[in-house]
Protein chains: 2
Amino acid sequence: MMHLTQSRSAVTQRVDVPSPLRETWLNHSPCLSYSERQALEAVAVPAKRVQPHTDLLREGKRADHLFVITEGWACRYVMSRDGCRQLSALLLPGDIVNLDALSLTWQAYGVRMLTQASVVALPREQVLMLSAQHSGIAQTLLRTSLIENGTLSKWALCLGRLSAKERLAHLICELAVRIRAVDGKSVSFDFPLTQETLADALGLTPVHVNRMVRELRAEGLVEDAHRTITLPDVAALRRMASFDASYLHVNVHTSRVSN
Amino acid sequence: MMHLTQSRSAVTQRVDVPSPLRETWLNHSPCLSYSERQALEAVAVPAKRVQPHTDLLREGKRADHLFVITEGWACRYVMSRDGCRQLSALLLPGDIVNLDALSLTWQAYGVRMLTQASVVALPREQVLMLSAQHSGIAQTLLRTSLIENGTLSKWALCLGRLSAKERLAHLICELAVRIRAVDGKSVSFDFPLTQETLADALGLTPVHVNRMVRELRAEGLVEDAHRTITLPDVAALRRMASFDASYLHVNVHTSRVSN
DNA sequence: CGGGTCGTTGACACATTTCAAGTTTAGTGG
DNA sequence: CCACTAAACTTGAAATGTGTCAACGACCCG
């Protein structure tokens, strides 16, 4: 089984030229043929460097490019009238930043960089043309959007029905899976989120996030230092957050998730 | 302007045969040609009646049909471990129930009928074939998913950052627009949601929803009786919920939204 | 008429926010 | 290497929004 998938990916990755989308959603879709991959690569604008704490996109503006993160973290966010911020997505390497630019005329959210990052741009019009010509591309874009919907539904469940500590644990579990760090009992990975950013993702105050982080630390479920987080017992953390990774639809072939 | 849009819709609706998808998302998309509409109609299974309080789909199961609601209300929901329910969508006439059945292999949510309803079914495989052949169909499906995405993001903002009363008011405003009831200062429409259902949508307890409903009533923002709700001053309600309908992308041609 | 669902109420408990300090850490320039 | 600054993290006490529990009332339908 493992041999099979490995040889398959060896075949699909016979490109030696620099491939900006290699580690990307657009490249891991099960519905994408080799030629469709190449067509997408062909219209990609080479990666651009973006500074932390800057807005890649602003709410209400029109974007004529699709962006894909190849390195670094970002988030989608919206502001409420009284200045509160709520994140609607955390964007990790491989993620598409603004799929909706394809079909909607203005961004419903801003996108802020959380670390220094690299992004690849795909001209909107060209992607539209490609997706009209290649049904695999259209299917991939739809699939990506559907998976994002699933993630957002899960966030709604967390925001609406989980306690602060469970929410925090759940988010950490999600990130561990998405960053493909999960492969054993214990796990550690780069974690650039400030407690304030976590608060904006979880619908909490920074102060309370702090208290919950310390509780998780006290219970031995997380350790953190220097922007790195360690989960000594992933299974226990998952249990306390009632986390089930299936909603993420991570491609098991390209990660080391055991489950 | 009004003449123009009316004559246009007269052209696109030259069918006299029963059209199960007429008042449906799939039929209002700006990217759908007449022949594409017809192709979709052709594979539609005639409307089926569904009883209230029954599950149309169950979480984790595989669906081989796409369902479209033509009459009545339903909701998507997920359960948390301890039996709490959180809605991730309210489904109104015209809405597609389970778009993700197209591309994902199991439903991440259940769908429960909230009233007696009629649903049209579209065989999954046939829709997939059609969307591979007609780029307008693929585009429409993507667009629908993207709009759902925006709605979910807005729900996240509400759940994370709005007070109980604001959340309730916001949801009522959303429903008023989606049901196309908004056309003046005052508005009233059929409202079959119980306070318990509202609680599951808003991430609150039924008891607290009750208190918030009465507060809105006391402030003259809402009146309700016999499954009908009246909003005597929509503008005031919107203000208190900081509601802005643009995220819904309602098709202005087919509704009477003034904005 | 009776039973069930839905709405209403009050007293109390508790999770989370608010406010208002500190303290530590990371980054910068001398 | 140190001094200095800003950002991030900590901490405690008090305020408050929402949940919990438990009861009662209104309405619908068979």
Side-chain angles (χ1 to χ4, degrees), chain A residues 51-54 73 80 82-86 112-116 158-171 190-218 222-229 240-241, chain B residues 51-54 73 75 80 82-86 112-116 158-172 190-218 222-229 240-241:
Chain A
Q51 289 311 306
H53 310 298
T54 60
W73 290 34
S80 76
D82 54 347
C84 279
R85 194 170 74 146
Q86 173 71 45
R112 174 151 318 160
M113 309 313 297
L114 299 173
T115 68
Q116 184 156 71
C158 292
L159 288 167
R161 293 303 186 195
L162 263 45
S163 73
K165 206 202 298 191
E166 291 170 317
R167 266 182 260 180
L168 174 59
H170 198 280
L171 181 60
D190 196 53
F191 194 83
L193 303 183
T194 69
Q195 293 181 354
E196 189 182 359
T197 307
L198 282 171
D200 288 338
L202 299 170
L204 298 169
T205 38
V207 177
H208 202 59
V209 168
N210 181 281
R211 289 194 257 259
M212 296 303 106
V213 169
R214 336 207 72 249
E215 282 194 25
L216 289 182
R217 276 207 286 255
V222 315
E223 298 162 12
D224 61 321
H226 324 301
R227 319 266 92 154
T228 295
I229 194 173
M240 89 93 53
Chain B
Q51 289 311 305
H53 310 298
T54 59
W73 290 32
C75 66
S80 76
D82 55 347
C84 279
R85 195 169 74 145
Q86 173 69 47
R112 173 149 321 159
M113 309 315 297
L114 299 173
T115 69
Q116 184 156 72
C158 292
L159 288 168
R161 294 302 187 196
L162 262 47
S163 73
K165 207 205 294 190
E166 290 170 316
R167 264 182 261 180
L168 174 60
H170 197 280
L171 181 60
I172 294 172
D190 195 53
F191 194 83
L193 303 183
T194 68
Q195 293 182 353
E196 189 181 359
T197 306
L198 282 171
D200 288 337
L202 300 170
L204 298 168
T205 41
V207 177
H208 202 59
V209 167
N210 182 283
R211 291 194 265 252
M212 297 301 107
V213 169
R214 335 205 75 248
E215 281 195 25
L216 288 183
R217 276 206 286 256
V222 162
E223 297 162 11
D224 61 320
H226 325 301
R227 320 265 91 155
T228 294
I229 195 172
M240 89 93 57

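What you see is a predicted model; the values in this text were computed from it and never measured. Chain identifiers are assigned alphabetically (A, B, ...) following the order of the sequence lines, protein sequences preceding nucleic acid strands; residue numbering begins at 1 within each chain.
Put simply, A:N210 has a side-chain N or O that comes within less than 4.0 Å of OP1 or OP2 on D:dT10. For the pair B:R217 and C:dT8, the criterion of a side-chain N or O lying under 4.0 Å from OP1 or OP2 is met. For the OP1/OP2 pair of D:dA7 and a distance below 4.0 Å, the side-chain nitrogens and oxygens of A:R227 include no atom meeting the criterion.
A:H208 NE2 to A:L168 CG: the interatomic distance, rounded to the nearest 0.5 Å, is 10.0 Å. The NE2 atom of A:H170 sits 12.0 Å away from atom CE of A:M240, with the distance rounded to the nearest 0.5 Å.
Rounded to an integer number of Å, the gap from CZ of A:R214 to C1' of D:dT10 is 6 Å. Rounding to whole angstrom units, CG of residue B:L159 and P of D:dT18 are separated by 12 Å. Separating the CD atom of B:E196 from the P atom of C:dT5 is a distance of 10 Å, rounded to the nearest angstrom. Remark: P of D:dT11 and CD of A:E215 are 12 Å apart, rounded to the nearest angstrom. In this structure, CZ of A:F191 is placed 14 Å from P of D:dA8, rounded to the nearest angstrom. Here the C1' atom of nucleotide C:dC14 and the NE2 atom of B:H208 are 14 Å apart, to the nearest Å. Distance, A:H226 NE2 to C:dT24 C1': 13 Å, rounded to whole Å. Note: CD (B:Q195) to P (C:dT5) measures 16 Å, nearest angstrom.
Between the side chain of A:R211 and the base of C:dT18 there is at least one donor-acceptor pair of N/O atoms closer than 3.5 Å.
For the pair A:D224 and B:S163, both in contact range of DNA chain D, the more 5′-proximal nearest nucleotide belongs to A:D224.
Taken together, the paired segments of DNA chain D that extend over three or more consecutive Watson-Crick or G-U pairs, each closer than 3.5 Å at both contacts, are C:1-20 with D:11-30, C:23-30 with D:1-8.
Between the side chain of B:Q86 and the backbone N or O of B:D200, at least one donor-acceptor pair lies under 3.5 Å. Although no hydrogens or angles enter the test, the distance criterion places no donor-acceptor pair under 3.5 Å between the side chain of B:R161 and the main chain of A:C84.
Around atom CD of B:E196, no more than 12 heavy atoms belonging to other residues, nucleotides or ligands sit under 6.0 Å away.
The side-chain heavy atoms of B:H53 and B:M113, taken from C-beta on, include no pair separated by under 4.5 Å. A 4.5 Å side-chain heavy-atom check between A:L114 and A:P192 finds every atom pair outside the cut-off.
For B:T194, taking side-chain heavy atoms from C-beta onward, the closest of the listed nucleotides C:dC6, D:dT18, D:dT20 is C:dC6.
Using a 4.0 Å heavy-atom cutoff across all strands shown, A:V207 reaches at least one base atom of the nucleic acid.
Separation of the P atoms belonging to D:dC9 and C:dA20 is 22 Å when rounded to the nearest angstrom.
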